[in-house]
Amino acid sequence: MSDFNELIAKVKDANNILEFNEMQILALKEEYCDSNLIIASPTSSGKTLVAEIYLLYTILIKHKRAIFISPLKALTSEHYNSFKKKYESFGLKIGISTGDLDSSSKYLENYQIIFLTFEKLDSLIRHRASWLHTLGLLVIDEIHNIDSDRGATLETTVVELKQILPSMRIIGLSATIPNASQLASWINGKLIYSEYRPVKLKKGILFENKIKFDDNTIEYIQTKNNSIEDIVIDTLEKRKQALVFTNTRKNSEGLAKKLQNITKNYLDEKEKKIIAKAIDDIDYLLTTDYDKDVANNLLQGASFHHAGLRDSLRNKTEELFKQGALKILVSTPTLAAGVNLPAYRVIIHTVHRHTANGMLPIPVKEYVQMSGRAGRQGYDTIGESILIAKDDLEEENLFEKYVYALPEDVESQLGYVPVLRTQLLSIIANEIVFNDESLEKFFNETFYAIRFGDINSLMQKIETLLRELINSGFVKIDKGVIKATEIGKRISELYIDPLSAYNIIEKIKNQDDLTNKEFLMIVVNTIELKPYFMPGKNRVQQLEEQLQDEYKDLGINTNELWDDHEIIEKYYTMTILNDWISEVSEQDLLNNYDILPGTLHNKLYNTSWICYAIGEIAKVLDKTIVHKQAILMEKRIKQGVKEELLLLTELPNIGRARARKLYQNHYRTVSDVKSADPQILINILGLKIAQKLLEHLKVEFDINTIFIKQESTEEHKILKKDESKATKKITKKKIKTEAKLQKSLFEY
DNA sequence: ACGGCGATGTCCGACAGGCAGCCTG
DNA sequence: GTCGGACATCGCCGT
């Protein structure tokens with residue numbers, strides 16, 4: 001038996017399968033072991049398994065390193081976990097690195113296979129990770145993402161890697177797109193195309209009481225209310241779940257609430273318990289009214305999903321839907337491209353979405369993407385994707401425009417200037433490109449070149465951008481050689497847009513010291529902080545007046561004040577960030593600015609990253625004070641605290657709220673806390689947290705001597721089960737500690 | 001006849017999502 | 001394209 005066949009046998013075993021499906025048979029051939037491939041087939045057709053086999057082949061048989069990249073952090077870790085679970089017994093060293101998940105970057109070289117996001121791979125190349133040179137295979141998950149606003153990043157990353165490592169294999173996994181063959185010719189690979197689905201997908205349109213499907217079958221449903229409610233009742237009567245796609249957050253919330261009148265009658269006791277337990281598990285994280293509202297929605301069996309939810313609730317929602325306890329999930333497009341969360345029925349509530357050009361019909365590929373979520377493998381033999389029509393004209397129209405329509409060709413987005421600018425600096429800093437000839441050579445290798453035939457208009461853009469980079473001081477031409485300057489190299493590593501970097505430098509180069517608001521205005525004045533928080537229209541005038549009074553103190557000059565059409569949004573966003581580090585409560589922030597927890601925390605995440613970048617730029621410019629300020633600001637943004645609490649928030653489980661409590665009780669440093677009376681710490685923080693904290697600080701204490709303050713009364717409870725024994729011990733202590741206790745109670 | 005308050009009508013505004021640094025368990 | 005909040009108007013009721 002050949003190595004390849006032996007491997008296949010092992011993999012089948014690890015996956016607990018006997019035979020491959022028709023797509024996998026097509027894609028898995030020994031002769032493909034050295035070629036590049038594009039595998040275009042529907043979601044859940046088992047592409048991942050094919051990729052896994054070639055990954056294992058590379059590692060175990062070719063003894064080379066392999067990388068798997070995907071567009072989302074969540075997808076990356078999903079693939080990582082599943083791979084690890086299945087093949088850890090093969091004796092592999094498996095690593096992952098995404099923006100906030102890291103197997104420890106320095107040691108990535110110790111891994112044989114590494115799971116990354118697109119951008120993380122790009123970033124590693126920018127940092128010239130030396131282990132990249134032993135790379136044998138790159139698997140690109142969802143390669144059709146080349147046609148997205150992040151597509152230019154992927155496109156240049158691939159070309160760059162191809163130039164550094166001409167012998168590296170590439171396998172791209174794609175949706176079934178019409179021009180998959182162009183992707184294949186781009187990577188010099190073979191195209192494996194298959195429409196195979198393990199669960200059959202029926203695409204249909206609901207009008208009145210009929211669902212007409214693309215396979216010419218018709219399904220009748222009971223009509224009582226409006227279409228969406230009828231179809232939901234029908235789904236629940238069949239003991240199935242539905243995933244409903246809407247076009248706005250508000251709509252998803254409104255619809256979920258409406259559908260709860262139905263779902264709550266279909267929840268059995270067991271399901272109610274599962275949901276209640278799940279919520280209880282994360283109860284301590286549900287700090288705002290909005291969180292509590294989300295939790296209440298979950299309890300009704302129908303809920304909503306969008307990026308305004310905090311991570312913990314998003315994850316719980318997904319989990320409950322997977323478990324089947326949550327019957328109906330109404331989602332914005334998050335779930336169309338995100339983790340795989342299948343349901344028997346996918347209901348697409350509307351095909352219109354608001355864009356910069358007004359309300360427009362969504363592209364067919366998005367319809368395909370959403371439809372692909374229909375049908376749960378292992379539970380259903382078919383899945384249904386359903387559009388809703390108001391009249392027969394619309395019905396006809398939807399059939400033509402969506403059900404029977406081919407998705408659009410995948411297009412190159414390399415011409416998208418902000419990303420092109422960033423990537424151009426990167427390839428110059430990496431010395432991949434150093435003169436006109438190498439520039440042309442590089443861009444002739446792109447997917448853009450295949451799509452457009454020539455790169456003339458692209459090269460014109462590049463010329464302009466190159467001049468821009470030179471004027472900004474990030475690139476210089478030295479004896480005919482294009483080179484990145486020191487600062488240019490650092491900007492490339494920091495992974496920020498050169499334009500943002502330029503704005504930052506302009507602001508700090510003549511400044512030795514910044515106020516908090518000045519600093520935050522610089523943060524906000526970057527592309528990475530977009531989209532800004534938008535003030536309501538009724539608020540704009542007041543903000544304009546405020547800004548008039550304050551702009552000089554914010555480091556804004558009069559030109560910016562008058563010419564920057566986004567100045568109000570920037571100012572507004574800065575104000576929110578400033579409130580956050582001034583310890584305005586999360587609830588107040590959400591209320592005052594009409595924002596949602598998830599939105600706030602995403603913005604804070606970006607903010608802290610940019611703070612770091614500003615600090616690093618300041619370092620290169622020898623702006624020592626600004627550098628220090630940046631470090632402080634980054635910490636304050638992460639914690640949401642005033643500077644005085646930063647010593648305390650170093651402690652585990654001590655965030656903004658607990659740190660403030662400790663501070664009010666005159667504990668201001670770690671050593672203050674360490675030398676504190678355990679009893680008082682418990683009074684301030686509660687038993688669990690205090691216990692963990694004391695353990696962390698390695699403070700010994702006798703639990704028998706501890707009183708626990710009861711919620712509503714002034715009574716004290718003995719922790720120890722064995723009361724009689726404990727009571728005796730405590731009576732004496734009680735008198736001693738009473739005084740302290742009174743004092744500390746008084747103080748918080 | 002007047003004023004207060006809730007019900008109904010009208011107008012206008014707002015509208016998806018998500019990656020990247022570094023560090024340290 | 002459509003939902004919903006803000007505001008205006010209308011109508012009922014009590015005084």
Side-chain angles (χ1 to χ4, degrees), chain A residues 69-76 97-107 116-127 145 148-154 157 245-255 257-258 305-309 311 314 331-338 349-362 366 369-370 390 394 419 422-423 426 490-497 500 526-531 534-540 594 598-599 601-603 605-617 630-631 634-635 638 650 652 696:
Chain A
I69 59 174
S70 79
L72 301 176
K73 289 194 251 188
L75 279 178
T76 303
S97 176
T98 66
D100 48 24
L101 226 178
D102 208 324
S103 293
S104 178
S105 292
K106 280 177 207 152
Y107 303 112
L116 306 166
T117 51
F118 297 158
E119 283 80 3
K120 190 68 190 195
L121 172 60
D122 186 23
S123 165
L124 290 169
I125 297 173
R126 290 168 184 231
H127 287 273
N145 271 280
S148 75
D149 51 359
R150 285 160 54 205
T153 307
L154 176 61
T157 305
F245 284 106
T246 55
N247 63 167
T248 66
R249 294 175 178 190
K250 273 262 157 64
N251 281 344
S252 72
E253 293 177 12
L255 189 53
K257 282 175 207 247
K258 202 157 90 183
H305 188 287
H306 57 63
L309 308 195
D311 285 350
R314 265 173 80 155
S331 166
T332 58
T334 9
L335 285 180
H349 194 230
T350 162
V351 293
H352 291 279
R353 184 157 60 234
H354 182 83
T355 69
N357 303 316
M359 200 53 116
L360 292 175
I362 56 169
E366 285 198 30
Q369 178 88 267
M370 292 190 273
K390 285 190 298 288
E394 192 182 12
V419 184
T422 311
Q423 294 307 113
S426 161
R490 192 70 187 115
I491 301 300
S492 165
E493 287 175 353
L494 289 170
Y495 215 96
I496 62 171
D497 190 305
S500 298
T526 57
I527 289 158
E528 289 77 2
L529 260 278
K530 286 192 177 198
M534 295 289 288
K537 200 138 200 178
N538 52 357
R539 226 164 153 162
V540 170
D594 195 23
T599 320
H601 288 285
N602 283 334
K603 196 62 71 193
Y605 183 86
N606 286 355
T607 303
S608 77
W609 164 47
I610 293 298
C611 285
Y612 175 82
I614 294 176
E616 290 302 297
I617 292 173
I631 292 171
E634 186 196 347
K635 287 186 185 163
K638 279 186 174 153
E650 298 283 328
H696 170 81

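Every chain is numbered from 1 and lettered A, B, ... according to where its sequence line falls, protein lines coming before strand lines.
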Report task. Report yes if a side-chain nitrogen or oxygen of A:T117 is closer than 4.0 Å to either non-bridging phosphate oxygen (OP1 or OP2) of B:dA20; otherwise report no. Result -> yes
Requested in this report: Look at A:E253 together with A:K257 and state whether they make a salt bridge at an N to O cut-off of under 4.0 Å.
Outcome: no
Query raised in the report: Roughly how many Å is it from CH2 in A:W609 to C1' in B:dG18, rounded to a whole number?
Result: 11 Å
Query raised in the report: A:L72 near the nucleic acid: base, sugar-phosphate alone, or nothing, with a heavy-atom cut-off under 4.0 Å?
Result: sugar-phosphate
Query raised in the report: Base, sugar-phosphate, or nothing for A:K530, non-hydrogen atoms under 4.0 angstrom?
Result: nothing
Report task. Could you state the atom-to-atom distance from CE of A:M359 to P of B:dG13 in whole Å? Result -> 16 Å
Query raised in the report: So what does A:A613 hit on the nucleic acid, given a heavy-atom distance under 4.0 Å: a base, only sugar-phosphate, or nothing?
Result: nothing
Query raised in the report: Taking only N and O in the side chain of A:K603, is any of them less than 4.0 Å away from OP1 or OP2 of B:dG18?
Result: no
Query raised in the report: With the threshold set at 4.0 Å, does a side-chain nitrogen-carboxylate oxygen contact exist between A:R490 and A:E493?
Result: yes
Report task. Determine the Euclidean distance between corresponding P atoms of C:dC3 and B:dA16; express it in Å to zero decimal places. Result -> 15 Å
Report summary line: A:E528 and A:S500 have their tightest heavy-atom pair at OE1-OG, 2.6 Å
Query raised in the report: In terms of side-chain heavy atoms of A:K537, which of B:dC22, B:dA14, B:dA20 is nearest?
Result: B:dA14
Requested in this report: Compare side-chain N and O positions of A:T332 against OP1 and OP2 of B:dG17 and report whether any pair is under 4.0 Å apart.
Outcome: yes
